[in-house]
4 protein chains.
Amino acid sequence: MSSGRDNILLAAEELFGANGFDRISVRDISEAAGVNKALIFYHFGSKDELFKTVLLKYFNDHHIALEAAWSASGDIYERLHRVIDAYIDFMVEHHAWPRLVQQISSTQHKDFVPIVQEGLLPLVRWAEASLSEVADETGPRSAYHLFETVAGAVLHHFTHAPVLAPIWDQTPLAPHVIAERRAHLHWLVDVILDALDKPYEPYEKSDSQDS
Amino acid sequence: MSSGRDNILLAAEELFGANGFDRISVRDISEAAGVNKALIFYHFGSKDELFKTVLLKYFNDHHIALEAAWSASGDIYERLHRVIDAYIDFMVEHHAWPRLVQQISSTQHKDFVPIVQEGLLPLVRWAEASLSEVADETGPRSAYHLFETVAGAVLHHFTHAPVLAPIWDQTPLAPHVIAERRAHLHWLVDVILDALDKPYEPYEKSDSQDS
Amino acid sequence: MSSGRDNILLAAEELFGANGFDRISVRDISEAAGVNKALIFYHFGSKDELFKTVLLKYFNDHHIALEAAWSASGDIYERLHRVIDAYIDFMVEHHAWPRLVQQISSTQHKDFVPIVQEGLLPLVRWAEASLSEVADETGPRSAYHLFETVAGAVLHHFTHAPVLAPIWDQTPLAPHVIAERRAHLHWLVDVILDALDKPYEPYEKSDSQDS
Amino acid sequence: MSSGRDNILLAAEELFGANGFDRISVRDISEAAGVNKALIFYHFGSKDELFKTVLLKYFNDHHIALEAAWSASGDIYERLHRVIDAYIDFMVEHHAWPRLVQQISSTQHKDFVPIVQEGLLPLVRWAEASLSEVADETGPRSAYHLFETVAGAVLHHFTHAPVLAPIWDQTPLAPHVIAERRAHLHWLVDVILDALDKPYEPYEKSDSQDS
DNA sequence: TATGAATGAGAGTTCATTCAT
DNA sequence: CATGAATGAACTCTCATTCAT
């Protein structure tokens, strides 16, 4: 039924996602999985490799989910909205996922950054390709920036949720809050797509300076 | 000039921001600061308190910077754009900052989450208040969602920069890339403000469902 | 042909001899032998018993080789030289052997010392008996000391070989070096046997003292 | 008085020498020294470095002792005998020493072999130089072989002592046994020096062959 | 015979923290 | 203010060994 290996992976996902790679010991995972500590090393070789296994599994599922949403029928408008939904659905189902990636990006853990880079690469390339119809080729409205903005808008909700929960007087992961966020993001995409039809008018009057 | 205490704070900022609280030892900091390890405990009492000191200092500076941008003269349009610039400027100057907050939100470190919450509270309240003129009172276009989206769009660039650098063929922290990102964000704010003038038309046809 | 049991014994001899009992794990041996780790316990019961099996096999072969050299025809002079050759030949063929014994004597591993003692006992007794014609009965030229000296002179070359290789500009196990060492040892035995014919004249003038 | 560092070094010498590097844990040493385990890492950084420290200290003392014996007045005959005495005296005083070296040579522990090589180099070079008057330049009676033989004859007694004790009916480290061994070694040196005066007559009749 | 999965004990090492000076 | 020495707790990882199959 529940093999030792699978129990370990499940416990690792949960604990790493909720507390961070560095704050979870192998002992914690073995206890949560109900197995001997040494079994983790038997199956995965090291704590690092266990973490990488979790990461790769997520990246794989993630990629499959977005790909499916994009490749189904419809015009670019429909497809983009479908991808937004798939993206949100994935976060809802795998609440540990955005936090795992954020742990790595915020600590630049050198053993894991390459894994994230490899995992994100196809997603980024896909975004560039699929936005090419609507985005400018370069400049402030290029696929590069559009992707970053939408991804940030989606991710931010899920990664900051537990921190912001007591500030907003409701938990950001409650179904009705998610639904409202989903509506916001669809609205945002519409707004952006509409604006891309019009010529780019740079903002003026700003007197700030870089660095 | 460079007192022990200040050296410690500087080293802690740098190291914590670049590598994460859990991956930096008191020894690392003491060596980077050129002081004895025990001195850190003399001045700050514990590693936790040192980290809190760094956090609070940042929150304070951050708050002051945004407040100054907002309170200066101009209509809401001008002021919002000025805040965007101030926000970006702060990230450019304190590259460790967004990563520190992200470390805490992604690991939910229970000793530090309250600090982040206290630090973010005035910012969030201020955003709600200042957006009240243009935002809906509730729903997908409320101040709540607008703030989250713009904050995510700004932060995402800086927190993911080192991870994405090799994927984009340029470093996201290079001045000209920052300048382009800045232009994008101003454009985004313009687009959003324009759209808020029009009545809300929800996106239809989506067949996705919440978890 | 190559049964699991034999593969294990061969791998164990090689690895234990080259690296030491404590530095070789059961896993190392099972991998080198190409068998499952548990099979070693099935055949030998424990790591200790496996080591003992290797030791006993060597002692047996060793004893047979020396015995054969000694019992063949000839006067004591001829026979001693033949034993020297057999001794050297055995070391050349079983380069792991002297190191195994040395590991035990230098670490006094209490589980294995008795095995070595039992294994050496007949050799020592035989040496006493066979040297009785030429050696003094007691004192500095007794069989006791002669045996120790010659054994040390032979063994030392083989046990220190890998350490001294880069110091001498040649490897001590190269055939021509072995041949020269062999000649030296025969010369040494001649010199000692000659001297034993003359009355013992103790060395004088030494002003050293025991501890 | 007895600083933590010195206690650790003394305990390490004793335990490593008696039981072998691999059979002694850091915990064993810390308990024998009456200090906390972590203090060993504070002072020496690692178990390996602690062992190296012990080795280097011994090599230094050893070198000094032999050098003093050799450089004092007298002809080569007197000086060689004095070195033999110094060599034996050193073993008597530091009974752990020959076993430490033998552990390394018999296990070829790759981190320590270089240390032994560096430590032995000057001793070997010195032996070559000092024996140049009496030894052949090459061949079976070269300084190379003479050194190896005498060193083996001396060392063998001390390294095999505990193993052979129950075989001989007396302990090889008892003062009167040491005294007898000392007499034997002086006799051996005399015999060898005398023989070197005569031309070399190779042993014949041997029908053995190199592997 | 042979194996993959599992385990308890213990290894070396790091860490935040304390304290006498 | 500042330090070197010292410590208890916890960490990742390895090991010999067992057992169901």
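We name chains A, B, ... by the order of the sequence lines, and we start the count at 1 in each one. For the numbers below, each heavy atom of this structure counts, side chains included, while hydrogens, waters and symmetry mates do not.
- Of the two residues contacting DNA chain E, namely B/Arg27 and C/Tyr42, the nearest-nucleotide position lying further toward the 5' end is that of C/Tyr42.
- C/Phe158 has its side chain out of reach of C/Arg99: every pair of non-hydrogen atoms, C-beta onward, lies at least 4.5 Å apart.
- Rounded to an integer number of Å, the gap from NZ of B/Lys37 to C1' of F/dG4 is 10 Å.
- Aromatic ring orientation, C/Phe21 versus C/Phe51: tilted (interplanar angle from 30° to 60°).
- On the nucleic acid side, DNA chain E contacts chain D at distances under 4.0 Å to non-hydrogen atoms, with the end points of that region at E/dA11 to E/dC15.
- In this structure, A/Ile40 atom CD1 and F/dC11 atom P are separated by 12 Å, rounded to whole Å.
- Atom CZ of C/Phe16 sits about 13.5 Å away from atom CZ of C/Arg23, to the nearest 0.5 Å.
- One can place NE2 of D/His43 at 12 Å from C1' of F/dT7, the figure rounded to the nearest angstrom.
- Without hydrogens or angle criteria, A/Asp28 side chain to A/Ser25 main chain gives a donor-acceptor distance under 3.5 Å.
- Ionic pairing of A/Glu13 and A/Lys57 is present here: one or more N-O contacts between side-chain nitrogen and carboxylate oxygen are shorter than 4.0 angstrom.
- Distance, A/Glu49 CD to F/dT14 P: 12 Å, rounded to whole Å.
- Atoms CG (A/Asn36) and C1' (F/dC15) sit 12 Å apart, rounded to a whole Å.
- Proximity of D/Asn36 to D/Tyr42: side-chain heavy atoms (C-beta onward) are nowhere separated by under 4.5 Å.
- Each of C/Asp48 and B/Val35 was matched to the nucleotide of DNA chain F holding its nearest heavy atom; the match closer to the 5' end belongs to B/Val35.
- Although no hydrogens or angles enter the test, the distance criterion places a donor-acceptor pair under 3.5 Å between the side chain of D/Lys47 and the main chain of D/Ile24.
- The phosphate of F/dC11 has OP1 or OP2 within less than 4.0 Å of a side-chain N or O from A/Ser25.
- Spacing between atom CZ of A/Phe16 and atom C1' of F/dT12 amounts to 12 Å, rounded to whole angstrom units.
- Across the protein-nucleic acid pair, A/Glu31 atom CD and F/dT12 atom P stand 12 Å apart, rounded to whole Å.
- As judged by a 4.0 angstrom heavy-atom cut-off over every strand, C/Ile24 is placed among residues touching the sugar-phosphate backbone only.
- When each of F/dT3, F/dG8, F/dC1 is scored by its nearest atom to the side-chain atoms of B/Ala38, the top-ranked nucleotide is F/dT3.
- Between D/Gly34 and A/Asp28, the one whose closest nucleotide on DNA chain F sits nearer the 5' end is D/Gly34.
- The nearest whole Å value for the distance from the CG atom in D/Asp22 to the P atom in F/dT14 is 16 Å.
- For the helix from E/dA2-F/dT21 to E/dT21-F/dA2, the end axes, each set by the C1' atoms of five terminal pairs, are bent relative to each other by 10° (nearest 10°).
- Using modelled atom types, no side-chain atom of C/Asn7 and backbone atom of C/Gly4 make a donor-acceptor pair closer than 3.5 Å.
- Under a 3.5 Å cut-off, the side chain of C/Gln103 and the backbone N or O of D/Ser106 do form a donor-acceptor pair.
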